[in-house]
Amino acid sequence: GVKDAAILMLYCKWDDSQSQSINGLLASLVKQIAQRYGVLSEGTPEMFSKHSKAGTSPSSEEYVSVLNAELRHFPKAFIIVDGLDELRDEKSRLVLLETLTSIEAKVNIMVTSRPVDNITRHFGEVDGGVYCDGCLKADERFQYHCYDCDEQAANCFDLCKECHDKGERCGNSGHILVKQFNSIIIEIAAMEQDLLAYVKWRIGSSDFLQRCVDTKTGLMADIVERVVEDNDGMFLLAKFNMDTLASKMRPGEVVEALQVLPQELNGTYNDAMLRITDLPESHREVAMDFLRWVVFAERPLECREIEHAIAISEGDRDIDPDNIIRVQILASMCAGLVKFDESERVRLVHYSAQNYFSEAEHQDRWFPDGGVKLTSNCLTYLMFDQFQRGSCSGPSEATDFDARVQAYPFLQYAAEHWGKHLLKNPRDDLFELARALILDPQRFAAISQALWYFDQKDSTSWAGKDGSTPLHLATHFGLNKMVVE
(Lines give C-alpha, C1' and ligand atoms only; values in the text may rest on other atoms or scores of the structure.)
Protein backbone atom coordinates (compact mmCIF):
# COMPACT_ATOMS: atom_id res chain seq x y z
CA GLY A 1 0.00 0.00 0.00
CA VAL A 2 0.92 3.67 -0.06
CA LYS A 3 0.08 4.49 3.57
CA ASP A 4 2.93 6.55 5.07
CA ALA A 5 4.84 6.30 1.78
CA ALA A 6 6.65 9.21 0.16
CA ILE A 7 5.26 9.96 -3.32
CA LEU A 8 7.39 12.16 -5.57
CA MET A 9 6.88 13.30 -9.17
CA LEU A 10 9.24 14.33 -11.95
CA TYR A 11 7.79 15.99 -15.06
CA CYS A 12 10.16 15.99 -18.02
CA LYS A 13 9.26 18.81 -20.41
CA TRP A 14 11.13 19.25 -23.68
CA ASP A 15 11.01 23.08 -23.42
CA ASP A 16 11.81 23.46 -19.71
CA SER A 17 15.53 23.90 -18.99
CA GLN A 18 15.16 22.80 -15.37
CA SER A 19 13.63 19.47 -16.33
CA GLN A 20 16.37 18.91 -18.92
CA SER A 21 19.02 18.95 -16.18
CA ILE A 22 19.68 15.89 -14.03
CA ASN A 23 20.63 18.12 -11.11
CA GLY A 24 17.46 20.16 -11.63
CA LEU A 25 15.34 17.02 -11.48
CA LEU A 26 17.10 15.73 -8.37
CA ALA A 27 16.72 19.14 -6.73
CA SER A 28 12.99 18.94 -7.47
CA LEU A 29 12.76 15.63 -5.58
CA VAL A 30 14.50 17.10 -2.53
CA LYS A 31 12.25 20.18 -2.68
CA GLN A 32 9.13 17.99 -2.80
CA ILE A 33 10.26 16.06 0.27
CA ALA A 34 10.91 19.28 2.19
CA GLN A 35 7.57 20.85 1.20
CA ARG A 36 5.35 17.78 1.67
CA TYR A 37 6.98 15.87 4.50
CA GLY A 38 9.48 18.21 6.14
CA VAL A 39 13.23 17.75 6.42
CA LEU A 40 14.01 14.71 8.56
CA SER A 41 17.78 14.41 8.19
CA GLU A 42 20.32 16.80 9.76
CA GLY A 43 22.58 16.54 6.73
CA THR A 44 20.06 18.14 4.37
CA PRO A 45 20.05 21.71 5.78
CA GLU A 46 23.81 21.44 6.35
CA MET A 47 24.40 20.70 2.67
CA PHE A 48 22.24 23.57 1.46
CA SER A 49 23.77 25.95 4.01
CA LYS A 50 27.27 25.05 2.80
CA HIS A 51 26.42 25.72 -0.84
CA SER A 52 24.43 28.85 -0.05
CA LYS A 53 27.47 30.40 1.65
CA ALA A 54 29.77 29.37 -1.20
CA GLY A 55 27.35 30.46 -3.94
CA THR A 56 27.49 26.98 -5.51
CA SER A 57 25.03 24.19 -6.26
CA PRO A 58 25.06 20.61 -4.92
CA SER A 59 26.40 17.83 -7.12
CA SER A 60 24.33 14.86 -8.27
CA GLU A 61 26.12 12.68 -5.71
CA GLU A 62 25.18 15.08 -2.92
CA TYR A 63 21.53 15.12 -4.00
CA VAL A 64 21.47 11.31 -4.06
CA SER A 65 23.04 11.24 -0.58
CA VAL A 66 20.33 13.58 0.73
CA LEU A 67 17.58 11.54 -0.96
CA ASN A 68 18.96 8.39 0.64
CA ALA A 69 18.99 10.01 4.06
CA GLU A 70 15.48 11.45 3.75
CA LEU A 71 13.75 8.48 2.11
CA ARG A 72 15.09 6.04 4.72
CA HIS A 73 12.58 7.60 7.11
CA PHE A 74 9.70 6.17 5.02
CA PRO A 75 8.64 2.51 4.86
CA LYS A 76 8.37 2.89 1.09
CA ALA A 77 8.81 5.59 -1.57
CA PHE A 78 7.40 6.02 -5.08
CA ILE A 79 9.06 8.17 -7.73
CA ILE A 80 7.03 8.76 -10.90
CA VAL A 81 8.96 10.01 -13.95
CA ASP A 82 6.52 11.40 -16.49
CA GLY A 83 7.64 11.78 -20.11
CA LEU A 84 11.17 10.35 -20.00
CA ASP A 85 11.27 10.64 -23.80
CA GLU A 86 10.96 14.42 -23.46
CA LEU A 87 14.54 14.60 -22.19
CA ARG A 88 16.16 15.87 -25.38
CA ASP A 89 19.61 14.44 -24.63
CA GLU A 90 19.33 10.68 -25.12
CA LYS A 91 22.27 10.01 -22.79
CA SER A 92 20.56 11.92 -19.99
CA ARG A 93 17.66 9.46 -20.07
CA LEU A 94 19.88 6.56 -19.03
CA VAL A 95 21.79 8.74 -16.55
CA LEU A 96 18.52 9.68 -14.83
CA LEU A 97 17.46 6.02 -14.58
CA GLU A 98 20.86 5.01 -13.24
CA THR A 99 20.82 7.83 -10.70
CA LEU A 100 17.34 7.04 -9.41
CA THR A 101 18.04 3.29 -9.17
CA SER A 102 21.22 4.04 -7.23
CA ILE A 103 19.13 5.33 -4.30
CA GLU A 104 19.58 2.72 -1.58
CA ALA A 105 16.34 3.46 0.25
CA LYS A 106 13.31 1.35 -0.64
CA VAL A 107 12.10 3.12 -3.78
CA ASN A 108 9.66 2.00 -6.47
CA ILE A 109 10.05 3.83 -9.77
CA MET A 110 7.37 4.31 -12.43
CA VAL A 111 8.34 5.72 -15.84
CA THR A 112 6.02 6.89 -18.61
CA SER A 113 7.31 7.35 -22.14
CA ARG A 114 6.57 6.90 -25.79
CA PRO A 115 7.92 3.52 -26.98
CA VAL A 116 11.11 4.91 -28.55
CA ASP A 117 13.96 2.42 -29.00
CA ASN A 118 16.50 4.43 -27.01
CA ILE A 119 14.26 3.98 -23.95
CA THR A 120 12.50 0.63 -24.41
CA ARG A 121 15.81 -1.19 -24.88
CA HIS A 122 16.72 -0.30 -21.28
CA PHE A 123 13.65 -2.05 -19.83
CA GLY A 124 13.19 -5.82 -19.63
CA GLU A 125 9.93 -7.47 -18.64
CA VAL A 126 10.42 -9.68 -15.57
CA ASP A 127 9.07 -13.18 -16.28
CA GLY A 128 10.43 -15.94 -14.08
CA GLY A 129 13.59 -14.02 -13.19
CA VAL A 130 16.82 -13.19 -15.03
CA TYR A 131 20.03 -15.12 -14.39
CA CYS A 132 23.57 -13.93 -15.00
CA ASP A 133 25.23 -16.12 -17.62
CA GLY A 134 28.56 -15.52 -15.90
CA CYS A 135 27.88 -16.44 -12.27
CA LEU A 136 24.19 -17.52 -12.29
CA LYS A 137 23.26 -14.71 -9.87
CA ALA A 138 19.55 -13.92 -10.10
CA ASP A 139 17.00 -11.25 -9.16
CA GLU A 140 19.23 -8.21 -9.76
CA ARG A 141 17.62 -4.81 -10.27
CA PHE A 142 19.33 -4.59 -13.66
CA GLN A 143 21.61 -6.56 -15.92
CA TYR A 144 23.60 -6.07 -19.12
CA HIS A 145 21.66 -7.67 -21.96
CA CYS A 146 22.85 -8.67 -25.43
CA TYR A 147 20.11 -7.94 -27.96
CA ASP A 148 22.25 -9.35 -30.78
CA CYS A 149 22.20 -12.76 -29.07
CA ASP A 150 18.37 -12.61 -28.97
CA GLU A 151 18.38 -12.74 -32.76
CA GLN A 152 21.05 -15.42 -33.16
CA ALA A 153 20.55 -17.85 -30.28
CA ALA A 154 17.74 -19.75 -28.64
CA ASN A 155 18.73 -18.41 -25.21
CA CYS A 156 19.31 -14.76 -24.34
CA PHE A 157 22.57 -13.57 -22.78
CA ASP A 158 22.74 -11.44 -19.62
CA LEU A 159 25.48 -10.42 -17.20
CA CYS A 160 25.30 -8.97 -13.71
CA LYS A 161 27.24 -5.78 -12.97
CA GLU A 162 30.17 -7.62 -11.36
CA CYS A 163 30.68 -9.98 -14.31
CA HIS A 164 30.26 -7.13 -16.79
CA ASP A 165 32.80 -4.96 -14.98
CA LYS A 166 35.27 -7.87 -14.93
CA GLY A 167 35.15 -7.89 -18.72
CA GLU A 168 33.06 -11.01 -19.38
CA ARG A 169 31.17 -10.94 -22.69
CA CYS A 170 29.01 -13.22 -24.82
CA GLY A 171 31.97 -14.15 -27.04
CA ASN A 172 30.41 -12.98 -30.31
CA SER A 173 32.32 -10.37 -32.25
CA GLY A 174 30.59 -7.00 -32.59
CA HIS A 175 27.91 -7.68 -29.99
CA ILE A 176 27.11 -4.84 -27.59
CA LEU A 177 25.63 -5.25 -24.11
CA VAL A 178 22.93 -2.79 -23.06
CA LYS A 179 22.03 -1.91 -19.49
CA GLN A 180 18.50 -3.21 -18.89
CA PHE A 181 16.32 -2.58 -15.84
CA ASN A 182 13.98 -5.34 -14.70
CA SER A 183 10.44 -4.00 -14.80
CA ILE A 184 6.79 -4.53 -15.53
CA ILE A 185 5.83 -2.97 -18.88
CA ILE A 186 2.27 -1.79 -19.57
CA GLU A 187 1.39 -0.45 -23.01
CA ILE A 188 -1.07 2.44 -22.87
CA ALA A 189 -3.13 3.74 -25.78
CA ALA A 190 -6.44 5.53 -26.16
CA MET A 191 -9.21 2.91 -26.07
CA GLU A 192 -11.54 2.87 -29.05
CA GLN A 193 -14.58 3.46 -26.83
CA ASP A 194 -12.89 6.52 -25.32
CA LEU A 195 -12.13 7.93 -28.77
CA LEU A 196 -15.72 7.21 -29.83
CA ALA A 197 -17.07 9.02 -26.77
CA TYR A 198 -14.79 11.99 -27.57
CA VAL A 199 -15.93 12.13 -31.22
CA LYS A 200 -19.61 12.01 -30.21
CA TRP A 201 -19.00 14.80 -27.69
CA ARG A 202 -17.28 16.97 -30.32
CA ILE A 203 -20.14 16.43 -32.77
CA GLY A 204 -22.75 17.18 -30.12
CA SER A 205 -20.87 20.35 -29.13
CA SER A 206 -20.96 21.71 -32.69
CA ASP A 207 -24.30 22.78 -34.17
CA PHE A 208 -22.75 22.56 -37.64
CA LEU A 209 -21.35 19.01 -37.28
CA GLN A 210 -24.55 17.83 -35.59
CA ARG A 211 -26.62 19.12 -38.53
CA CYS A 212 -24.22 17.43 -40.95
CA VAL A 213 -24.58 13.96 -39.39
CA ASP A 214 -28.34 14.44 -38.98
CA THR A 215 -28.87 15.27 -42.66
CA LYS A 216 -26.27 13.13 -44.44
CA THR A 217 -26.86 9.38 -44.21
CA GLY A 218 -23.75 7.43 -43.31
CA LEU A 219 -21.65 10.48 -42.36
CA MET A 220 -21.46 9.50 -38.69
CA ALA A 221 -20.19 6.05 -39.61
CA ASP A 222 -17.61 7.59 -41.96
CA ILE A 223 -16.36 9.95 -39.22
CA VAL A 224 -16.07 7.06 -36.78
CA GLU A 225 -14.14 4.99 -39.31
CA ARG A 226 -11.65 7.75 -40.20
CA VAL A 227 -11.21 9.43 -36.81
CA VAL A 228 -11.62 6.48 -34.44
CA GLU A 229 -10.92 3.18 -36.16
CA ASP A 230 -7.95 4.42 -38.22
CA ASN A 231 -6.52 6.35 -35.28
CA ASP A 232 -3.94 3.91 -33.84
CA GLY A 233 -4.69 5.03 -30.27
CA MET A 234 -3.60 8.70 -30.52
CA PHE A 235 -5.97 11.07 -28.75
CA LEU A 236 -4.12 14.15 -30.00
CA LEU A 237 -4.56 12.98 -33.59
CA ALA A 238 -8.32 12.58 -33.03
CA LYS A 239 -8.47 16.04 -31.50
CA PHE A 240 -6.79 17.72 -34.48
CA ASN A 241 -8.83 15.76 -37.02
CA MET A 242 -12.07 16.84 -35.31
CA ASP A 243 -10.74 20.42 -35.32
CA THR A 244 -10.31 20.11 -39.08
CA LEU A 245 -13.88 18.89 -39.61
CA ALA A 246 -15.33 21.54 -37.30
CA SER A 247 -13.51 24.29 -39.25
CA LYS A 248 -15.45 23.57 -42.46
CA MET A 249 -18.40 25.66 -43.64
CA ARG A 250 -20.42 23.22 -45.77
CA PRO A 251 -21.41 19.54 -45.36
CA GLY A 252 -19.73 18.78 -48.67
CA GLU A 253 -16.45 20.16 -47.35
CA VAL A 254 -16.70 17.83 -44.34
CA VAL A 255 -17.16 14.85 -46.66
CA GLU A 256 -14.15 15.95 -48.77
CA ALA A 257 -11.99 16.54 -45.68
CA LEU A 258 -12.79 13.05 -44.37
CA GLN A 259 -11.17 11.51 -47.44
CA VAL A 260 -7.84 13.24 -46.81
CA LEU A 261 -7.63 13.38 -43.02
CA PRO A 262 -4.02 12.70 -42.00
CA GLN A 263 -3.28 9.56 -40.05
CA GLU A 264 -0.11 10.87 -38.43
CA LEU A 265 0.65 13.98 -36.37
CA ASN A 266 2.84 15.83 -38.88
CA GLY A 267 -0.07 15.78 -41.29
CA THR A 268 -2.38 17.27 -38.66
CA TYR A 269 0.14 20.04 -37.98
CA ASN A 270 0.22 20.80 -41.71
CA ASP A 271 -3.59 21.02 -41.69
CA ALA A 272 -3.54 23.30 -38.64
CA MET A 273 -1.06 25.66 -40.29
CA LEU A 274 -3.14 25.74 -43.47
CA ARG A 275 -6.17 26.75 -41.39
CA ILE A 276 -4.13 29.61 -39.93
CA THR A 277 -3.02 30.77 -43.38
CA ASP A 278 -6.71 30.78 -44.46
CA LEU A 279 -7.53 33.43 -41.83
CA PRO A 280 -8.18 37.02 -42.94
CA GLU A 281 -4.87 38.80 -43.53
CA SER A 282 -4.84 40.88 -40.33
CA HIS A 283 -5.67 37.84 -38.20
CA ARG A 284 -3.21 35.63 -40.07
CA GLU A 285 -0.28 38.01 -39.54
CA VAL A 286 -0.96 38.31 -35.82
CA ALA A 287 -1.46 34.55 -35.39
CA MET A 288 1.78 33.75 -37.24
CA ASP A 289 3.66 36.38 -35.22
CA PHE A 290 2.33 34.85 -31.99
CA LEU A 291 3.18 31.33 -33.14
CA ARG A 292 6.67 32.45 -34.15
CA TRP A 293 7.35 33.44 -30.55
CA VAL A 294 6.01 30.13 -29.23
CA VAL A 295 8.19 28.18 -31.67
CA PHE A 296 11.48 30.12 -31.56
CA ALA A 297 11.60 31.57 -28.03
CA GLU A 298 14.47 30.36 -25.84
CA ARG A 299 11.96 29.44 -23.14
CA PRO A 300 8.15 29.41 -22.83
CA LEU A 301 6.86 32.94 -22.30
CA GLU A 302 4.38 34.05 -19.68
CA CYS A 303 1.15 35.60 -20.90
CA ARG A 304 2.07 39.25 -20.30
CA GLU A 305 5.55 38.68 -21.70
CA ILE A 306 4.27 37.46 -25.05
CA GLU A 307 1.57 40.14 -25.18
CA HIS A 308 4.31 42.78 -25.01
CA ALA A 309 6.61 40.84 -27.34
CA ILE A 310 4.20 40.93 -30.27
CA ALA A 311 3.02 44.49 -29.57
CA ILE A 312 6.46 45.83 -30.54
CA SER A 313 7.08 47.47 -33.90
CA GLU A 314 10.45 48.47 -35.31
CA GLY A 315 11.48 51.92 -34.08
CA ASP A 316 9.03 52.04 -31.13
CA ARG A 317 10.19 54.16 -28.18
CA ASP A 318 7.73 52.69 -25.69
CA ILE A 319 4.98 50.11 -25.48
CA ASP A 320 1.63 51.27 -26.88
CA PRO A 321 -1.20 49.80 -24.74
CA ASP A 322 -3.50 50.05 -27.77
CA ASN A 323 -1.31 47.52 -29.61
CA ILE A 324 -1.62 44.82 -26.94
CA ILE A 325 -3.79 41.83 -27.86
CA ARG A 326 -4.83 39.52 -25.04
CA VAL A 327 -3.10 36.19 -25.17
CA GLN A 328 -6.34 34.19 -25.02
CA ILE A 329 -7.45 35.83 -28.26
CA LEU A 330 -4.08 35.11 -29.85
CA ALA A 331 -4.19 31.46 -28.82
CA SER A 332 -7.72 31.04 -30.19
CA MET A 333 -6.43 31.85 -33.69
CA CYS A 334 -3.74 29.16 -33.68
CA ALA A 335 -5.83 26.11 -34.64
CA GLY A 336 -5.18 24.26 -31.39
CA LEU A 337 -1.37 24.36 -31.73
CA VAL A 338 -0.73 26.15 -28.41
CA LYS A 339 -1.75 25.63 -24.82
CA PHE A 340 -1.29 27.27 -21.40
CA ASP A 341 0.55 25.25 -18.78
CA GLU A 342 -0.02 25.25 -15.02
CA SER A 343 2.26 28.31 -14.67
CA GLU A 344 0.30 30.25 -17.31
CA ARG A 345 3.15 30.00 -19.79
CA VAL A 346 2.38 29.54 -23.46
CA ARG A 347 3.65 26.31 -25.02
CA LEU A 348 3.11 24.23 -28.11
CA VAL A 349 0.39 21.65 -27.56
CA HIS A 350 2.82 18.70 -27.63
CA TYR A 351 6.55 18.12 -28.01
CA SER A 352 5.83 16.39 -31.33
CA ALA A 353 4.72 19.84 -32.55
CA GLN A 354 8.12 21.21 -31.54
CA ASN A 355 9.76 18.38 -33.49
CA TYR A 356 7.61 19.31 -36.48
CA PHE A 357 8.60 22.97 -36.36
CA SER A 358 12.25 22.07 -35.76
CA GLU A 359 12.48 20.41 -39.17
CA ALA A 360 14.08 22.71 -41.74
CA GLU A 361 11.44 22.13 -44.41
CA HIS A 362 8.64 23.25 -42.07
CA GLN A 363 10.58 26.23 -40.74
CA ASP A 364 11.35 27.37 -44.28
CA ARG A 365 7.73 26.90 -45.32
CA TRP A 366 5.99 28.65 -42.44
CA PHE A 367 8.65 30.99 -41.03
CA PRO A 368 11.08 31.82 -43.85
CA ASP A 369 12.61 34.66 -41.79
CA GLY A 370 13.16 32.33 -38.84
CA GLY A 371 13.73 34.15 -35.57
CA VAL A 372 14.90 37.46 -37.04
CA LYS A 373 11.85 39.29 -35.70
CA LEU A 374 12.51 37.95 -32.19
CA THR A 375 16.00 39.46 -32.28
CA SER A 376 14.70 42.78 -33.56
CA ASN A 377 11.89 42.98 -31.01
CA CYS A 378 14.20 42.16 -28.07
CA LEU A 379 16.63 44.90 -29.08
CA THR A 380 13.86 47.41 -29.82
CA TYR A 381 12.31 46.76 -26.39
CA LEU A 382 15.62 47.35 -24.60
CA MET A 383 16.06 50.60 -26.56
CA PHE A 384 12.82 51.99 -25.07
CA ASP A 385 13.14 55.46 -23.52
CA GLN A 386 12.31 54.00 -20.10
CA PHE A 387 15.62 52.12 -20.04
CA GLN A 388 17.57 55.18 -21.24
CA ARG A 389 16.99 56.43 -17.70
CA GLY A 390 19.48 53.83 -16.51
CA SER A 391 19.29 51.44 -13.59
CA CYS A 392 17.07 51.86 -10.56
CA SER A 393 19.06 53.13 -7.58
CA GLY A 394 18.84 54.59 -4.12
CA PRO A 395 16.99 53.34 -1.02
CA SER A 396 13.96 52.28 -3.09
CA GLU A 397 15.99 50.42 -5.72
CA ALA A 398 14.32 47.03 -5.26
CA THR A 399 10.82 48.53 -5.14
CA ASP A 400 11.49 50.68 -8.20
CA PHE A 401 12.89 47.71 -10.09
CA ASP A 402 9.82 45.62 -9.27
CA ALA A 403 7.63 48.44 -10.56
CA ARG A 404 9.70 48.59 -13.75
CA VAL A 405 9.25 44.85 -14.34
CA GLN A 406 5.52 45.14 -13.67
CA ALA A 407 5.23 47.88 -16.29
CA TYR A 408 7.59 46.13 -18.72
CA PRO A 409 7.07 42.37 -18.26
CA PHE A 410 9.12 41.51 -21.36
CA LEU A 411 12.26 43.05 -19.81
CA GLN A 412 13.51 39.81 -18.28
CA TYR A 413 13.27 37.79 -21.48
CA ALA A 414 14.72 40.56 -23.65
CA ALA A 415 17.66 41.17 -21.29
CA GLU A 416 18.47 37.48 -20.87
CA HIS A 417 18.09 36.34 -24.47
CA TRP A 418 18.73 39.14 -26.96
CA GLY A 419 22.31 37.98 -27.40
CA LYS A 420 21.29 34.37 -28.05
CA HIS A 421 18.85 35.45 -30.75
CA LEU A 422 21.48 37.71 -32.30
CA LEU A 423 23.91 34.80 -32.54
CA LYS A 424 21.29 32.84 -34.50
CA ASN A 425 20.39 35.82 -36.70
CA PRO A 426 23.65 37.76 -37.20
CA ARG A 427 22.40 40.39 -39.63
CA ASP A 428 24.51 43.53 -39.91
CA ASP A 429 21.60 45.87 -39.09
CA LEU A 430 20.83 43.90 -35.94
CA PHE A 431 24.47 43.99 -34.86
CA GLU A 432 24.46 47.77 -35.35
CA LEU A 433 21.37 48.07 -33.14
CA ALA A 434 22.93 45.82 -30.50
CA ARG A 435 26.16 47.81 -30.57
CA ALA A 436 24.25 51.06 -30.06
CA LEU A 437 22.35 49.43 -27.20
CA ILE A 438 25.29 48.24 -25.10
CA LEU A 439 27.44 51.30 -25.81
CA ASP A 440 24.71 53.52 -24.35
CA PRO A 441 25.83 53.77 -20.68
CA GLN A 442 22.32 54.22 -19.30
CA ARG A 443 20.70 51.39 -21.23
CA PHE A 444 23.67 49.15 -20.52
CA ALA A 445 23.22 49.84 -16.79
CA ALA A 446 19.52 48.96 -17.03
CA ILE A 447 20.28 45.66 -18.81
CA SER A 448 23.09 44.76 -16.42
CA GLN A 449 20.87 45.39 -13.41
CA ALA A 450 18.07 43.28 -14.89
CA LEU A 451 20.47 40.39 -15.51
CA TRP A 452 21.70 40.62 -11.93
CA TYR A 453 18.21 40.63 -10.41
CA PHE A 454 17.02 37.75 -12.58
CA ASP A 455 20.22 35.71 -12.20
CA GLN A 456 19.58 31.99 -11.68
CA LYS A 457 23.19 31.23 -10.71
CA ASP A 458 23.59 28.55 -13.35
CA SER A 459 26.03 28.08 -16.22
CA THR A 460 24.82 31.37 -17.76
CA SER A 461 25.08 33.28 -14.49
CA TRP A 462 25.64 37.05 -14.58
CA ALA A 463 27.45 38.56 -11.60
CA GLY A 464 28.04 42.02 -13.04
CA LYS A 465 25.65 44.30 -11.22
CA ASP A 466 28.41 46.86 -10.67
CA GLY A 467 31.71 47.30 -12.46
CA SER A 468 30.83 45.40 -15.63
CA THR A 469 31.46 46.79 -19.11
CA PRO A 470 29.97 46.33 -22.60
CA LEU A 471 32.88 43.99 -23.29
CA HIS A 472 31.79 41.79 -20.40
CA LEU A 473 28.23 41.67 -21.75
CA ALA A 474 29.33 40.83 -25.31
CA THR A 475 31.56 38.08 -23.93
CA HIS A 476 28.71 36.80 -21.72
CA PHE A 477 26.64 36.11 -24.84
CA GLY A 478 29.53 34.81 -26.90
CA LEU A 479 29.26 37.66 -29.42
CA ASN A 480 32.81 37.27 -30.72
CA LYS A 481 32.32 39.70 -33.60
CA MET A 482 31.33 42.44 -31.16
CA VAL A 483 34.14 41.51 -28.76
CA VAL A 484 36.76 41.83 -31.51
CA GLU A 485 35.36 45.20 -32.60
Side-chain angles (χ1 to χ4, degrees), residues 114 189-292 294-295 328-339 348-368:
R114 284 185 308 148
M191 301 293 289
E192 189 169 300
Q193 58 263 38
D194 294 331
L195 290 168
L196 180 59
Y198 172 73
V199 167
K200 288 181 176 179
W201 172 77
R202 285 295 302 266
I203 292 173
S205 301
S206 166
D207 290 340
F208 167 67
L209 288 179
Q210 188 64 61
R211 283 198 305 272
C212 288
V213 298
D214 287 344
T215 57
K216 291 197 71 65
T217 303
L219 182 57
M220 183 66 184
D222 290 342
I223 293 175
V224 169
E225 180 183 354
R226 292 291 293 167
V227 179
V228 177
E229 295 174 5
D230 297 343
N231 178 275
D232 200 25
M234 288 188 287
F235 227 110
L236 188 63
L237 181 61
K239 184 261 184 195
F240 273 104
N241 281 341
M242 291 305 299
D243 286 348
T244 296
L245 298 182
S247 70
K248 303 306 176 184
M249 301 291 290
R250 302 179 181 90
E253 292 175 350
V254 173
V255 174
E256 291 175 5
L258 269 176
Q259 308 310 310
V260 294
L261 279 182
Q263 298 304 305
E264 40 80 34
L265 285 173
N266 273 11
T268 68
Y269 297 142
N270 274 328
D271 280 2
M273 291 302 296
L274 288 172
R275 293 205 300 277
I276 293 173
T277 58
D278 281 343
L279 293 171
E281 183 177 358
S282 60
H283 288 62
R284 180 177 67 246
E285 290 178 357
V286 170
M288 291 298 285
D289 199 14
F290 175 66
L291 198 55
R292 180 182 290 107
V294 180
V295 170
Q328 291 78 10
I329 297 174
L330 295 166
S332 71
M333 294 189 289
C334 288
L337 288 171
V338 300
K339 67 177 182 179
L348 287 170
V349 67
H350 196 251
Y351 64 91
S352 59
Q354 184 67 43
N355 292 339
Y356 169 85
F357 286 113
S358 296
E359 295 176 10
E361 63 173 303
H362 299 136
Q363 283 194 11
D364 294 342
R365 180 182 182 185
W366 305 117
F367 305 105

Indicate the atoms forming the closest heavy-atom contact of [X] with [Y], along with that distance.
X    : Y    : result
G336 : V349 : O-CB, 3.6 Å
V338 : A331 : CG2-CB, 3.7 Å
N266 : E264 : N-OE1, 3.0 Å
A272 : A335 : O-CB, 3.6 Å
M273 : L337 : SD-CD1, 3.6 Å
H283 : L279 : CB-CB, 4.1 Å

Using side-chain heavy atoms (C-beta onward) and a distance below 4.5 Å, is [X] in contact with [Y]?
X    : Y    : value
M242 : I223 : yes
R292 : V295 : no
L348 : L291 : yes
T277 : W366 : yes
F235 : D194 : yes
Q263 : R226 : yes

Checklist entry - Quick one: ring-ring contact (aromatic ring centres under 6.0 Å, His included) partners of F208, sequence neighbours excluded? => result none
Item to check | For Y269, all residues meeting ring-ring contact (aromatic ring centres under 6.0 Å, His included), sequence neighbours excluded | outcome: F240, Y356
Under the side chain to side chain donor-acceptor pair (under 3.5 Å) rule, collect the residues that match up with [X], sequence neighbours excluded.
X    : value
R365 : N270
D271 : none
E359 : H362

Set of residues satisfying side chain to side chain contact (heavy atoms under 4.5 Å, CB included) with respect to [X], sequence neighbours excluded:
X    : value
Q328 : R326
Q210 : I203, V213, D214
M234 : N231, L237, L265
L196 : K200, V224

If I take atom [atom1] from residue [X] and atom [atom2] from residue [Y], how far apart are they, to the nearest 0.5 angstrom?
X    : Y    : atom1 : atom2 : answer
Q259 : D222 : CD    : CG    : 7.0 Å
T268 : L236 : OG1   : CG    : 6.5 Å
D289 : L330 : CG    : CG    : 9.0 Å
R211 : S206 : CZ    : OG    : 8.0 Å

Next on the checklist: I need the full list of side chain to side chain donor-acceptor pair (under 3.5 Å) pairs touching residues 240-253, with sequence neighbours left out, sorted by first then second residue.
Outcome noted: R202-D243, K239-D243, T244-R275, R250-E253
Item to check | Listed once per pair and sorted, the ring-ring contact (aromatic ring centres under 6.0 Å, His included) pairs that draw on residues 247-267, sequence neighbours left out | outcome: none
